[in-house]
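When reading the values below, keep in mind they use all heavy atoms of this one structure, side chains included, and skip hydrogens, waters and symmetry mates.
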There are 2 protein chains.
Amino acid sequence: MKVTGDQALVKKINKSLILHTIRKHAELSRARISEMTGLNKATVSNLVAELQEDQLVLEAGPGESSGGRKPLILHFNAMAGCVIGMELRVKQLTAVLCDLNGSVLREAESPLLQHDLPYVFEAMQTMIATLIDAAPLTHYGILGIGVGVPGMVDEHGLVLFAPNLGWEKTPLRELLEEKFSIPVIIDNEANSGALGELNFGRGEDVRHLLYVSAGSGIGSGIIIGGELYKGSRGYAGETGHMCIEAEGTPCSCGSRGCWELYASEKAYDLAALELPAYHTRELIRYADQGNAAACQQFAVMGTYFGIGLTNLINSFNPELIVIGGALSEAREWLEGPMQQVVARRTLPYHKQQLEIAFSTLGSRAAMIGAGFSAAMHFLGHTRVMM
Amino acid sequence: MKVTGDQALVKKINKSLILHTIRKHAELSRARISEMTGLNKATVSNLVAELQEDQLVLEAGPGESSGGRKPLILHFNAMAGCVIGMELRVKQLTAVLCDLNGSVLREAESPLLQHDLPYVFEAMQTMIATLIDAAPLTHYGILGIGVGVPGMVDEHGLVLFAPNLGWEKTPLRELLEEKFSIPVIIDNEANSGALGELNFGRGEDVRHLLYVSAGSGIGSGIIIGGELYKGSRGYAGETGHMCIEAEGTPCSCGSRGCWELYASEKAYDLAALELPAYHTRELIRYADQGNAAACQQFAVMGTYFGIGLTNLINSFNPELIVIGGALSEAREWLEGPMQQVVARRTLPYHKQQLEIAFSTLGSRAAMIGAGFSAAMHFLGHTRVMM
DNA sequence: AAAACTTTGTTTAACCAATATACAAAGTGA
DNA sequence: TCACTTTGTATATTGGTTAAACAAAGTTTT
């Protein structure tokens, strides 16, 4: 059954519009909201009153007059409740406690020594419980948990396939919801990172964003029209297995010449590196010391990284690409060769309005994005398309 | 100013819902529509009455009783008006006169000898005028013109760049609207083809579809969530310039190893073909006659075609890929090698629900899709997202 | 300092689309 | 013929937005 229109829907649309207008712009008066949205002043007053009852909007006293009565300043009550954003990495579990604006209230981190589900689930439980205990008292309490995982996730929060964890069809959402009895959102780590950068990083006012996470592999989160694009069964963005050498190195996925073999940490295995370094951090240290082999390694990777980016640019035509993940820390060494290749290889019209940036949220992008998903699930977002 | 909710919007949403329900399913009663949409019977009656006044819905007399009063069968009045769908190709101009259901009422075709705008525009004008004259008398007359062009088009119908025509920043929509005073929709030929296949070809009930048009180059039309995805400035889908050989053959776009150099008609130039054939039709004839060189040529192209498809599959995760364009006529020779590569190289979870099909609309896909765009522009489509 | 003007936010009455409910019309089956 | 089903319409109610008037609280002009 499709969505039909009635008065309740109208109210939902307008209330949602007002809430998100306040959330994004902060410090608005009712009169200003009426102007910005086109809604009648009376409608704004009524719905703001409801949002105040819901504890989602607060009145912060009078503002500056512009020649008449002083406006009553409203702002979004980011502390109406808290959310937990978590990232499950191969060697580490990290999480944040956030308010509804993505501000980090508390951080937690613990190493992950094994990958079997009981062990990992136990570690997640412990960390979540710790953050819940540490949460300040708010009206709604803990509103939800968002988790970014290194693998494909379907629309029911089932982790279909996470090769680096050895997981297959793991019902992570179900397990966590059963344990904590609050909504849980599971998503691919790159998708979460894309949401984080879109909302709290570089992506303000961007409608088409590509977040490319390069670490032990490469994954992309695709934002289209301001929203996450997940593909037909929820796992688009597996761009690491894009072929950039038709008859290149065989990959574990069954294909050959996959991008991530040349432009992620997997490249270290292939390179004839005469250095005792197989991790990005170490390699960066060598490069910083002026080691030619390390510099060369990054230069080659940067070039390959740019080739893959070019393909994504030609296909998706994004406004902004944000590069995140462990490799983004090697920006100093990767950026030059990468930008050079992109400049040389991209179609002229794509170049014009494209910006390629490195993550501003750094390693927290995925956590913050995952928390944002949980917050949005609570806040809702009803709107009309023409 | 954003879209706000009021009663007019509610009516618009519901009227649109009813109209498109009738359009897609045909032969429905008011009672059945009420069940399908969830709208109240009275609401359906009222809005159907308005749609009848608008001449968009007709009553076709009583249907079969299922144990009670006979239903009154409604159907979409596809002949409320006509649209023109046109495709501008490098060597040919083709167009169709369609009803609002994409049924072709009349076809036209003429060779294109030059590419300068005055000549092409003159040819377009003549063809459109002929079709308008040939149109049957309908309530609304000619509702719009849709044109698919071999190049990038922005949201204002400006042809930004069409290398095969030598066009740059050509205001095609403006010119046609000025001339004919009806709405004109310009789009990339692959985008139009994607819409055609989605609505009138293989794509029924498909939400994520990729239409890959292979001819003198390769372009893709991307349907996401049942809607055309155009990228940030309206020209996503330039997948032909996806690099599949990092240090491959230099391309006119400035890059190297572009997919279309290996898997479109451009490959003929590169191949050491010892045949006097440089066009697909001729080559197919040779292959049909058992010529080994021709078969080999197609087999290689099929393999490369599959490699590019694999990249698209991993990135977009579509439910259905439809292959169109001139090369789709070589299906017999391309399909085997192509499917083999895809089967071997695609990630296991992507394979499960993916179907790769050849165009059913053939060379008419883009025209019919362009006409559909014009029809949809008239009919409107208002809906809600949660 | 008083008067005139501005701006903000609320109150009021009117409007109108969807809905539930009752009802009329037109069929089936025993 | 009678009981039941199904279809489609009529009626009163509900509840959201809106325009317009208004009250409140400023600033600017005289």
(request) Please list, by residue number, the residues of residues 44-53 of chain A whose heavy atoms come closer than 4.0 Å to an atom of DNA chain C; answer none if no residue qualifies. (result)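 Going residue by residue through residues 44-53 of chain A, the ones with a heavy atom under 4.0 Å of DNA chain C turn out to be A:S45.
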
(request) Mind listing the closest non-hydrogen atom pair of A:I142 and A:A135 along with its distance? (result) CD1-CB, 3.7 Å

With sequence neighbours excluded, tell me which residues meet salt bridge (Lys or Arg N to Asp or Glu O under 4.0 Å) with [X].
| X | answer |
| --- | --- |
| B:E177 | B:R173 |
| A:K12 | none |
| A:R383 | A:E227 |

(message) Judged by each residue's nearest nucleotide on DNA chain C, which is more toward the 5′ side, A:L72 or B:K15?
(response) A:L72

Between [X] ([atom1]) and [N] ([atom2]), how many Å, whole number?
| X | N | atom1 | atom2 | result |
| --- | --- | --- | --- | --- |
| A:I33 | C:dT8 | CD1 | P | 12 Å |
| A:K11 | C:dA17 | NZ | C1' | 16 Å |
| A:Q7 | D:dT18 | CD | P | 12 Å |
| B:L9 | C:dC16 | CG | C1' | 14 Å |
| B:R30 | D:dA10 | CZ | C1' | 15 Å |
| A:D6 | C:dA18 | CG | P | 9 Å |
| A:K12 | D:dT17 | NZ | C1' | 18 Å |
| A:I13 | D:dT18 | CD1 | P | 12 Å |

(request) Could you pull out all residues at least two apart from A:L158 that satisfy side chain to side chain contact (heavy atoms under 4.5 Å, CB included)? (result) A:D154, A:L160, A:P171

(request) Tell me, please, which residues at least two apart from A:R32 pass side chain to side chain contact (heavy atoms under 4.5 Å, CB included). (result)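 A:R32 satisfies side chain to side chain contact (heavy atoms under 4.5 Å, CB included) with A:L28, A:S29, A:E35, A:M36 once adjacent residues are dropped.
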
(request) Using the test side-chain hydrogen bond (donor to acceptor under 3.5 Å, both in side chains), find all partners of A:R23 that sit at least two apart in sequence or belong to another chain. (result) none

Using a heavy-atom cut-off of under 4.0 Å over every strand shown, decide if [X] touches base, sugar-phosphate, or nothing.
| X | value |
| --- | --- |
| A:K41 | base |
| A:A31 | sugar-phosphate |
| B:N40 | base |

(message) I'd like to check A:L379 versus A:L56 (side-chain heavy atoms, cut-off strictly below 4.5 Å). Are they in contact?
(response) yes

Polar atom pairs (N or O), protein with nucleotides 25-29 of chain D, under 3.5 Å:
residue, atom, partner, partner atom, Å
D:dA25, N3, A:R69, N, 3.4
D:dG26, N2, A:G67, O, 3.4

Donor-acceptor contacts, no H, no angles, side chain residues 58-86 of chain A, under 3.5 Å, sequence neighbours left out:
residue, atom, partner, partner atom, Å
A:E59, OE2, A:R30, NH1, 3.0
A:E59, OE2, A:R30, NH2, 2.7
A:S65, OG, A:G67, N, 3.0
A:S65, OG, A:G68, N, 3.1
A:S65, OG, A:G68, O, 2.6
A:N77, OD1, A:M79, N, 3.2
A:N77, ND2, A:Q55, O, 2.8

